[in-house]
Undergrad: 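Below are the C-alpha cells for one structure; questions will follow.
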Amino acid sequence: MTLAFDPAKLTLPVRHHIGGQYVPAREEIAVTAPSSGVTLGAVPRADASVVDRAVEAARTALQTSGWGRAAPRDRLRALHRWADLLEEEAPALARLEAVCSSRPVSDTVAGDIPVTAEQIRFFAEFADKECDALAPTAEGSLGMITSEPHGVVGAITPWNFPISMAGWKLGPALAAGNAVVLKPSEMTPFSALYMAELSVRAGLPAGLINVVLGDGPDTGTAITGHPGIDKISFTGSTRAGAAIMENVARTGIKPMTLELGGKSPMIVFEDADLDLAAECLERGILPNAGQFCVAGSRMIVARGVADALAERLTERFNRHEPAATWDAQSGFCPIISEVQLGRIDSLVRAACEQGAEALCGAARFDREGSYYQPTILANPTPDNPAVTEEIFGPVATFQTFETEEEAIAMAAHPTYGLCSGIFTRDLARALRVSRQIEAGTVWINRYGRSRDHILPTGGWKASGLGKDLGREAYTANRRTKSVLAAI
Ligand code: NAD
C-alpha cells in the first residue's frame, strides 16, 4: 500500500471540535502546505466565547461521565481503545498531518503515530497502578498523601510534531482523570481534530477532548487566562512560554508545565568512535530539517579529530534530497513556512558575515516549497548568532576544543539547558562530563530520544518548567492533598 496522496484532493476539517461535535466558524487563518507553498484553506480563530464553550463542555463531560472518579481501570481500557483506533486510522491521520506540516506521510505512519499510541497506553497504565502514600506521622494520627485530577487542562502545542505533541499532552492528562481543551498550532491544525473525533469513536466521553483552533495571541491567551482552566501544559518557544507565565500571573495563578526551546551541544572527544559520532551528529540535527526542540545544533569537537569528522559530516550532509511530505518515498523535510525559512537564512548570513565558514549548504534548495540545505558553520566565535540563537532549521555550528574543561565551558549556554550529547569511549569521562552539563537530558554515544517513555523529558533554565513523558508527566496532572486524621 502506498501512502502517497494528492494534497488537492484531501478533505480537511476546518472547524473546532467541542463537546464531541464539529462546530462551524468563520475561517480566518490561512494554512499553507510547506512542500509546495500552496494555500490549502483557512481555519477559524477561537475567541474568548468559543474557549468558554470548550471549557464548559470539558467540565460537563467530567461531571456527567465521572471520568476522574470512576474505577481507574475503566479509564485505562478506554484509552487503550483510543490508542488502537489511532493506529488503525494511521493512513488517514498521517495524510491530515503531512498535508500542512513538515512530517513525511510514511515516516508518520512508521513512527509518530505508533509511538504516540504506545505513549497513550504507557500513561493509561498509571491510572490503576500509581498509588497514593501513607505518611510516617506520630502515633494517634493517620497521615495520607492523596491525589486528585486538576479538572480541565489547557494544552497548547507547536507545529513541529503535531500528533506527537498532542499525544504528550493528552495521554497523561486523560489518564490522570482530567478533561482537556487543546489548541494545536494554527499552521498544523488538522490531525488534532481527527484525534479528537477518534476519541469519541473509541468511546471516550464526548467533551473530554475539545480542540479549539486559532493563533497564540488571541486563542492561546484566552486559554491560559481562562478561570475555568485548572492547569496549563504548553510546548513551544521560550518567548511564548514567558508570555504565558505573564498572562497566568495577571489572570490567576495556576500550575503549568512548559516545554520550551533549546540550543543543545554535542561534544565529540578525541577517543570517540568517529563513524558512530558522524552518524549520530547527522541524526542529531537533520531529521525534520532540524525543526525539533532537542536538535543538537552545536557540534563541539576535539581539535585532533576535527578535520576527519568535518569531512565525514560534509559528505553526509550533501547527500540529502528533498521530497514533498506526500510523496511515496520520504526525503529531506521542508521548513514549515517561508517566514521561518527567511529567519533561518538571515541567521546563516549574519553568522557568515561575523566570521563563520559554511562547510556546506547555507542556501535554500532550488525547487518549489520551503526547503533549506543541510548546513554546517565552522569556527564561529562564541558570540556568533549561530551559536547563541535557536535557529530551528538544518543548521549546526562546528567548534573545536583542546581540553575537557574547554569543552564543558563551550557546551554551557547562557539561557538554554534542554539536552546534550557526549561521544567518547571513556565511560568515566562520559559520566564525569554529564554531571557538569546543565541540561535536563544527556545522551552518551547516542543522540535523540528512545522509545523508553519512562524517561522524562524537559529543560533546565529557559528551556522549560516541569517534564513531559515519564512518571513526572502523569503526577503533574494530579494535585496532592495531605489528609491527617486523629485516630
Ligand atoms: P510557538 O511558541 O510560536 O507556538 C507554539 C504554540 O503556542 C502554538 O500553538 C502557538 O499558537 C501558541 N502560542 C504562541 N504564542 C502564545 C501565547 N502568547 N499564548 C498562548 N499560546 C501561544 O512555537 P512554534 O514555533 O510552534 O514551535 C517551535 C518552538 O517549540 C521551538 O522553540 C522549539 O524548541 C519548541 N519546542 C519545544 C519542545 C520541548 O519539548 N522542549 C518540543 C517541541 C518544540
Side-chain angles (χ1 to χ4, degrees), residues 29 31 34 43 45-46 48 51 100-103 112 154-169 181-189 191-192 211-226 229 232-251 256-264 285 287-297 335-337 339-341 343-344 389-393 413 415-419 439-441 448-449 455-470 472-473:
I29 307 172
V31 181
V43 294
R45 186 195 315 263
V51 173
C100 58
S101 79
S102 54
R103 306 294 307 131
D112 305 24
I156 299 178
T157 50
W159 47 261
N160 59 344
F161 290 87
I163 290 173
S164 315
M165 295 296 105
W168 279 16
K169 306 299 181 197
V181 174
L182 167 71
K183 190 197 89 60
S185 167
E186 57 276 32
M187 288 188 263
T188 54
S191 53
V211 177
V212 293
L213 306 180
D215 62 4
D218 293 308
T219 311
T221 304
I223 292 172
T224 57
H226 198 288
I229 297 275
I232 304 291
S233 187
F234 171 79
T235 296
S237 61
T238 296
R239 176 192 47 76
I244 289 170
M245 289 183 100
E246 211 180 307
N247 192 35
V248 166
R250 206 152 24 80
T251 53
M256 56 180 118
T257 303
L258 304 175
E259 293 294 348
L260 308 176
K263 188 71 194 174
S264 300
I285 183 68
N288 210 31
Q291 302 162 105
F292 57 115
C293 55
V294 298
S297 50
I335 303 301
I336 190 67
S337 68
V339 172
Q340 175 61 8
L341 188 142
R343 187 176 169 273
I344 294 169
E389 300 286 310
E390 185 186 44
I391 297 179
F392 226 59
H413 190 279
T415 49
Y416 293 124
L418 194 52
C419 53
T441 295
R449 293 190 187 94
L455 289 169
T457 184
W460 289 15
K461 307 199 290 190
S463 290
L465 205 64
K467 303 284 181 186
D468 275 331
L469 300 180
E472 280 87 341

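One-based numbering, in listed order, for ligands and for the atoms of each. No hydrogens, no waters, no symmetry mates; every other heavy atom, side chains included, goes into these values. These numbers come from a predicted model, not from an experiment.
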Undergrad: Output the set of protein residues with a heavy-atom contact under 4.0 Å to ligand 1, ordered first by chain identifier and then by residue number.
TA: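 Answer by chain and number: Ile156, Thr157, Pro158, Trp159, Asn160, Met165, Trp168, Lys183, Pro184, Ser185, Glu186, Asp215, Gly216, Gly220, Thr221, Phe234, Thr235, Gly236, Ser237, Arg239, Ala240, Ala243, Ile244, Glu259, Leu260, Gly261, Cys293, Glu390, Phe392, Leu418.
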
Undergrad: Tell me whether Asp468 is salt-bridged to Lys169, with the criterion being a basic N under 4.0 Å from an acidic carboxylate O.
TA: yes

Undergrad: Checking Lys263 now: which residues fulfil salt bridge (charged side-chain N to carboxylate O under 4.0 Å, His left out) with it, not counting sequence neighbours?
TA: none

Undergrad: Closest approach of Ile344 and Phe392, non-hydrogen atoms and distance?
TA: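 Closest approach of Ile344 to Phe392: CD1-O, 3.7 Å.
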
Undergrad: For Arg343, which residues count as a side chain to side chain donor-acceptor pair (under 3.5 Å) partner, sequence neighbours excluded?
TA: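 Scan of Arg343 (side chain to side chain donor-acceptor pair (under 3.5 Å), adjacent residues dropped) gives none.
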
Undergrad: Ignoring hydrogens and geometry beyond distance, is a side-chain donor-acceptor pair present between Thr224 and Asn247 at under 3.5 Å?
TA: yes

Undergrad: Please enumerate all residues that pass ring pair (Phe, Tyr, Trp, His ring centres under 6.0 Å) together with Trp460, with sequence neighbours excluded.
TA: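 In terms of ring pair (Phe, Tyr, Trp, His ring centres under 6.0 Å), with neighbours along the sequence ignored, Trp460 is linked to no residue.
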
